[in-house]
Amino acid sequence: METVATHDGRFHADEVLAISILKRIYPKIKIIRTRDPAKLEKADILVDVGEKYDSDKGFFDHHQGSFKEKRKNGGLYASSGIIWKHFGKKVLKDEKA
């Protein structure tokens, strides 16, 4: 993995935490802050941007109306939560090493 893209503009806690999780696993990733579709298309992972959630294709957004992923307590995931859902075990594994 080389590039992670998130939205430009104001920082939000969910994308900052999501990128922090990914940086812990992939310390050399490049972070792009944009909404430009051409630049987003070149990223390996999209966080909190792109209006898609498809972990197999690297899309981790929760803003689209079709997003229905819920935590055990019934609350909807934010982008940091869905990144943790898919990458959290890798972080914990690295911490034990």
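Both backbone and side-chain heavy atoms feed into the values below; hydrogens, waters and symmetry mates do not.
The salt bridge (charged side-chain N to carboxylate O under 4.0 Å, His left out) test applied to Lys39 returns no partner, not counting sequence neighbours. Partners of Ser79 under the side chain to side chain donor-acceptor pair (under 3.5 Å) rule, at least two apart in sequence or in another chain, are Asp48. For Lys30, there are no side chain to side chain donor-acceptor pair (under 3.5 Å) partners at least two apart in sequence or on another chain. Residues satisfying the salt bridge (charged side-chain N to carboxylate O under 4.0 Å, His left out) test with Arg71, not counting sequence neighbours, are none. By the salt bridge (charged side-chain N to carboxylate O under 4.0 Å, His left out) test, Glu51 is found to be paired with no residue, residues two or more places apart in sequence or in another chain being considered. A search for ring pair (Phe, Tyr, Trp, His ring centres under 6.0 Å) contacts involving His7 returns His12, not counting sequence neighbours. Shown here are the side chain to side chain donor-acceptor pair (under 3.5 Å) partners of Gln64, two or more places apart in sequence or in another chain: there are none. With sequence neighbours left out, the side chain to side chain contact (heavy atoms under 4.5 Å, CB included) criterion links Lys23 to Ile19, Ile29, Ile31.
How far CD1 of Ile82 is from OH of Tyr77: 9.0 Å, rounded to the nearest 0.5 Å. Atoms CD1 and OG1, on Ile45 and Thr6 in that order, are 11.5 Å from each other to the nearest 0.5 Å.
Sorted by first and then second residue, the salt bridge (charged side-chain N to carboxylate O under 4.0 Å, His left out) pairs with a member in residues 5-22 read Asp8-Arg35, Glu15-Arg33; sequence neighbours excluded. Applying the salt bridge (charged side-chain N to carboxylate O under 4.0 Å, His left out) definition to pairs two or more places apart or across chains, those involving residues 54-70 are Glu69-Lys85. Applying the ring pair (Phe, Tyr, Trp, His ring centres under 6.0 Å) test to residues at least two apart or on different chains, the pairs with a partner in residues 20-54 are Tyr53-Phe67, Tyr53-His86.
Under the 4.5 Å side-chain heavy-atom criterion for ILVMFWY residues, a single connected hydrophobic cluster contains both Val4 and Ile25. Hydrophobic clustering of Ile, Leu, Val, Met, Phe, Trp and Tyr side chains at less than 4.5 Å, counting indirect connections, unites Leu17 with Val47. Linking ILVMFWY residues whenever their side-chain heavy atoms come closer than 4.5 Å, directly or via other members, places Ile21 and Met1 in the same cluster.
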- Task: Evaluate the side chain to side chain contact (heavy atoms under 4.5 Å, CB included) criterion for residues Trp84 and Val91: first the C-alpha distance (whole Å), next the side-chain angles of each, then the deciding distance (0.1 Å), finally the verdict.
- Result: CA-CA 9 Å; Trp84 184 259; Val91 172; 4.0 Å; yes
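When all heavy atoms of Ala38 and Asp36 are compared, the pair lying nearest together is N-OD1, 2.9 Å.
Through direct or relayed side-chain contacts under 4.5 Å between Ile, Leu, Val, Met, Phe, Trp and Tyr, Leu46 connects to Leu40, Val49, Phe59.
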